[in-house]
Every structure is written in structure tokens, then in C-alpha cells.
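So that the names make sense, note that chain A is the first sequence line, chain B the second, and so on, each numbered from 1. Below, all heavy atoms of this structure are taken into account, side chains as well, without hydrogens, waters or symmetry copies.
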2 protein chains.
Amino acid sequence: MTLRSQLLKGIMDGCVLAVIEKEPVYGYVLSKKLQDIGLVDVTEGTIYPVLLRLQKKGFIVGEMQPSEAGPNRKYYYLTSEGKEELELIIEEWDNIASPIEKLFKRRGNNA
Amino acid sequence: MTLRSQLLKGIMDGCVLAVIEKEPVYGYVLSKKLQDIGLVDVTEGTIYPVLLRLQKKGFIVGEMQPSEAGPNRKYYYLTSEGKEELELIIEEWDNIASPIEKLFKRRGNNA
DNA sequence: TATCAATACCTTGTTAAACAAGATAGTGAA
DNA sequence: TTCACTATCTTGTTTAACAAGGTATTGATA
């Protein structure tokens, strides 16, 4: 719908892997974290399909853990395949983002 | 299909507008230009739908011009609405790209 | 003449992923 | 008992890249 949602296509996997790499998280809090850093539209409707996809591909593993308050939480951990995948995604990102940056930067430089 | 193709979602319009802003171009050569700067998969199957979409929205206008060798060329020019749209797209890009960059940058900093 | 490559336009169909909307359920406070 | 917050997940819609194909012009080569 939004331009924002289109711009995230193909990079959500990378974002999720990057967060999980730092420390294992569960879906609900992952969504909040991504919103906090500026990806404001990343709600649960986005995050859970991504987590399922990544788990199916073997890049993360989920483990249910009891919670003292509220429903149980499914924590996700990065696998070594997931780490490799993250490297690839970051490389691709650089390959795509840098020509776009150049295209967008050299403009209005009449100062 | 490719990760690359997903990463370009929602940003092709901006890329095309940015190129046309510098100088009017026709579709065939626009595709080559974008490939040259690193967007290697941007073929005519990508470019012509984008040009039609942008024209329908009033961001560019096309004008057929005779060619001495080969088929005629349809040159596209940026409108003032197109310029405004480009500004918006670049702003959105910055809003999305910068948190992603941060997520990807602060890694492997054990040097 | 026929054929090929390069140039140049365009359309159709497939596919993937974000995400809005909704369903379900546990805890605890008012 | 009603509400808010936490937490999981699914379904359906939408959008845009782009692979594949089609048409036509010019000019070179066989």
C-alpha cells in the first residue's frame, strides 16, 4: 500500500536476522524493536510470516519458553546458516543501495 | 524471483525519475544507463511499465522523436509534479535506508 | 535477395512479500 | 466481568519487478 511497505520488500529477512544475531528475541518484542529504530510499520502481521519463513529455511530456530506474566514466548535463535544468509543479504543490500544513493545524492548541489 | 528484484521494489520510480531529471532519455537507453551504474537486472520488461506508470501519474511526459538510424525514440521529460515526487521518494528512502544501514553496520566490529 | 544483429517500442503473466485485519488465548487490574 | 496488555498465528489483498514474448526499423553481410 504505502511506498514504505514496498521499500521494505526483500530486506525484512535481513533486518530480522540482524536483530536476532545480537540476541535471541521473540516475535512480539522483535516487532517493537524494529518499530523503535524507525521501521514504524513493522507490525505482527509482518513479523510472524517472516519468522516462519526463516525457520522453514533453517536460518533460525524457535523455542517456546514460559513467561511469568502473560502468554508464553517463542524465542528465536540464529543458526550458522542464518549467519551466512545474513552476510549474503548485507552484500546484496550494499550492491543495490550504493548505486541508488549515488543517483539520489548528486542533486541540488548549487550551494 | 531474485533477492535483487525484491530489493528494488518501490524504488524503481525514484531511480527512473532521478535519471530523467538530469537529462531527458528514452526507454531503451534508460535501461542501459541503469544497468551501467549497477542495477544490472533492469531490462526493458522493467523499464517500460515504469515509464507508463509515471506518465499516467503525470510525473513525466513522453515525446516521440525521429531517429536517423533505427526506430524512432520516445524521449521522456520530468514535470514539476515529477520533481516533487522525486523529493518525496528520496525522503522516504532516507527514512527507510538509514535504520537498515545501522542494523547492518554495527557488526563484526572486533578489529 | 535473404538473413542477421542491433536498435527501439510495447504487453502479458507469474511471483513474492509486506501487511491489514482478524482470530485465539493468558494475565492482572479496575 | 470487562478491559488492557501481552503474545501467538492465519487469511486475503495488493503491488511492482521482470521474464518472456511480440512488433518494427535500419544497416551490414552472405
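Sequence order on DNA chain C of the closest nucleotides to A:Gly10 and B:Gly45 puts B:Gly45 first from the 5' end. Remark on DNA chain D: of its neighbouring residues A:Lys9 and A:Met64, the 5'-side contact belongs to A:Met64, judged by nearest-heavy-atom nucleotide. Ranked by how close their nearest DNA chain D nucleotide is to the 5' end, A:Tyr76 and B:Gly70 are led by A:Tyr76.
Closest to the side chain of B:Tyr48, from the set D:dC9, C:dC10, D:dA17, is C:dC10. Of the candidates C:dA18, D:dA19, C:dC9, C:dC9 carries the atom nearest the B:Tyr28 side chain, counting heavy atoms from C-beta on. Nearest to the side-chain atoms of B:Arg73 among the listed nucleotides D:dC9, D:dA24, C:dC9 stands C:dC9. Listed nucleotides: D:dC18, C:dA18, C:dA20. Nearest to the side chain of B:Thr43: D:dC18. When distances are taken from the side chain of B:Pro71 to each of D:dA16, D:dA24, D:dC9, the shortest belongs to D:dA24. Considering only side-chain atoms of A:Gln6, the nucleotide from D:dA7, D:dA24, D:dT15 that sits closest is D:dT15. Closest approach to the A:Ala69 side chain among C:dT27, D:dA17, C:dC10 is made by C:dT27 (side chain taken as heavy atoms from C-beta onward).
Within the 4.0 Å cut-off from OP1 or OP2 of D:dT8, not a single side-chain nitrogen or oxygen of A:Tyr26 is found. Distances shown here put every side-chain N or O of A:Thr46 at or beyond 4.0 Å from the OP1 or OP2 atom of C:dA18. The phosphate of C:dC10 has OP1 or OP2 within less than 4.0 Å of a side-chain N or O from B:Lys74. A close approach under 4.0 Å does not occur between any side-chain nitrogen or oxygen of B:Arg53 and OP1 or OP2 of D:dT15. Between D:dA17 and B:Ser5, no contact under 4.0 Å exists linking OP1 or OP2 to a side-chain N or O.
Rounded to whole Å, atom P of D:dC18 lies 13 Å from atom CG of B:Asp13. For A:Leu8 and C:dA20, the CG to P distance is 11 Å, given to the nearest whole Å. Spacing between atom CD1 of B:Ile47 and atom C1' of C:dT7 amounts to 16 Å, rounded to whole angstrom units. In this structure, the CD atom of B:Gln55 is 13 Å from the C1' atom of C:dC9, given to the nearest Å. Atom-to-atom, OH of B:Tyr75 to C1' of C:dT7 comes out at 12 Å; the value is rounded to the nearest Å. Rounded to whole angstrom, the span from the CD atom of A:Gln65 across to the C1' atom of C:dG26 amounts to 17 Å. Computed from coordinates, the A:Lys32 NZ to D:dT8 P distance equals 11 Å when rounded to whole Å.
For the pair A:Thr46 and A:Ser31, the minimum side-chain heavy-atom distance is 4.5 Å or more. Side-chain contact check for B:Glu92 versus A:Arg4: some heavy-atom pair is nearer than 4.5 Å.
Between the side chain of A:Glu44 and the base of C:dC19 there is no donor-acceptor pair of N/O atoms closer than 3.5 Å.
Note on A:Val29: nothing from the nucleic acid sits closer than 4.0 angstrom, heavy atoms only.
One distance of note links CE of A:Met12 with CD1 of A:Ile89; it measures 10.5 Å at 0.5 Å rounding.
By the criterion of side-chain heavy atoms lying less than 4.5 angstrom apart, applied directly or through intervening Ile, Leu, Val, Met, Phe, Trp or Tyr residues, B:Leu52 is not grouped with B:Leu17; the two fall into different hydrophobic clusters.
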Exercise for review: Test A:Val40 against A:Leu34 for side-chain contact (heavy atoms from CB on, under 4.5 Å), laying out the working first.
Suggested key: CA-CA 7 Å; A:Val40 293; A:Leu34 290 173; over 6 Å; no

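Between A:Glu44 and A:Lys32 there is no salt bridge, since no side-chain nitrogen of the basic residue lies less than 4.0 Å from a carboxylate oxygen of the acidic one.
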